[in-house]
Amino acid sequence: MTDLFDKHRHTAERHERMLSLGANAVGLTNDRILSPTRAIIDGRETVLAGTNNYMGITFEADCIAAGQEALALYGTGTTGSRIANGSYAMHRELERELAGFLNRRHCIMFTTGYQANLGMLAGLAGPKDTIYLDADSHSSIYDGCTLSGAKLVRFRHNDASDLDKRLTRSEDEGGGRLVVVEGIYSMLGDRAPLADFVAVKKKHGFQLLVDEAHSFGVLGKNGRGLADEAGLEDDVDFVVGTFSKSIGAIGGFGAGNHPLFNMLRYASRPYMFTASPSPATVATSLAAVRKLKAEPERREKLAVNSARLFNGFKALGLALGCDAVSPIVAVNCPDEVSTIAMWNALLKAGVYVNIALPPGTPGKQCLLRCSVSAAHSFEDIDRIITLFGEVVAQGHYKKAG
Ligand SMILES: Cc1ncc(COP(=O)(O)O)c(C=O)c1O
């Protein structure tokens, strides 16, 4: 008999190796969360620089109060999908609020951001269609393609001319064509060159979806994401986003203007066959969306903080994941062992960052990924830079070649 766990033995060995180097970098426990930027980890107060809590909104009194009130009024859970159990009025209210924020006619909420990609991609594309996706796409996008049954064509990361070539090659295949890019890429923090993709769209004609998971709330005059920043919202057919980052909750959404958009509710298995978001989550998210609209200064503070960390790391001579400033600042390390060693040294020094290792990284890079929050003070940012500097001075950092 083949033990089904045989295929996981390699992972187990790798995991053991990681533990032998220190703390569990991929399974850390926060003993207590003190604020959007502080936690007690292993008995120590630690600066959090790997939370995706871009707006620093997780402890806002009005968001918490809205969640508590919903919990008291509507209970702990919805106990079913919206198709089976019906919607709560607040599900619809949040969708209306988001559609207004995004300036789109329609918006559908999903239970997580991951499911938003699954639901949108598998709802939009079927076996007769083709999805063209950036090679560095998030796993939820890849999984959405698989679920859709559509033909999958990958183009080189951020390379519109490669997409152009691949579209030309498959011109006569028939079926719908959906191109998927991300606003800010989650690992390296680089943006899609949206204007280049829109030029290819004008040449070939396809429908374009932008996953703004890391750019919603962050980029653009209105905080709607990369398309807002680039002034190209009319050229983007569908937007996907998540509540787990700028909104500080959990859930996701898809939005668009197509007159049949709402039919996705009846075509999207990740919408139909899972329980709808809980009342507390919806109420918290609704309060947070309103806060994003009312407090653009959070976005401005985030941009200033991001530039401060980026420039501080540059001054330390660290190899960074990309040349543009964004709230994701990734430090490129040469190999797995030195990345884990440096991550442990940072944690001991009092700063938490994400470790990102192959195969989940672009180009199999080993990364120490920081994410900046509007809630970081300048002192926090300077402390993160200082602690990185100390760890580099201790000889833990080797520049990736
Ligand atoms: C680009 C992208 N899309 C979708 C998701 C999924 O979002 P969630 O974690 O809220 O399910 C993520 C999560 O990190 C992401 O980076």
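Remember, it's 1-based here, ligands and their atoms both numbered in the order they're listed.
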Subject >> Residues lining ligand 1 [heavy-atom distance under 4.0 Å, listed by chain and residue number] >> reply: Thr112, Gly113, Tyr114, Asn117, His138, Ser140, Glu182, Ser186, Asp211, Ala213, His214, Thr242, Ser244, Lys245

Original post:
Between Ile355 and Leu368, is any pair of side-chain heavy atoms under 4.5 Å apart?
Top reply: yes

Subject >> Between Tyr54 and His214: side-chain donor-acceptor atoms closer than 3.5 Å >> reply: yes

Subject >> Pair Glu212, Ser215: side-chain N/O donor-acceptor within cut-off below 3.5 Å >> reply: yes

**OP:** To the nearest 0.5 angstrom, please state how far the OH atom of Tyr185 sits from the SG atom of Cys322.
**Re:** 12.5 Å

Subject >> Considering all heavy atoms, the nearest Pro270-Gln115 contact >> reply: CB-O, 3.8 Å

Original post:
Centroid-to-centroid, Phe261 to His258, below 6.0 Å?
Top reply: no

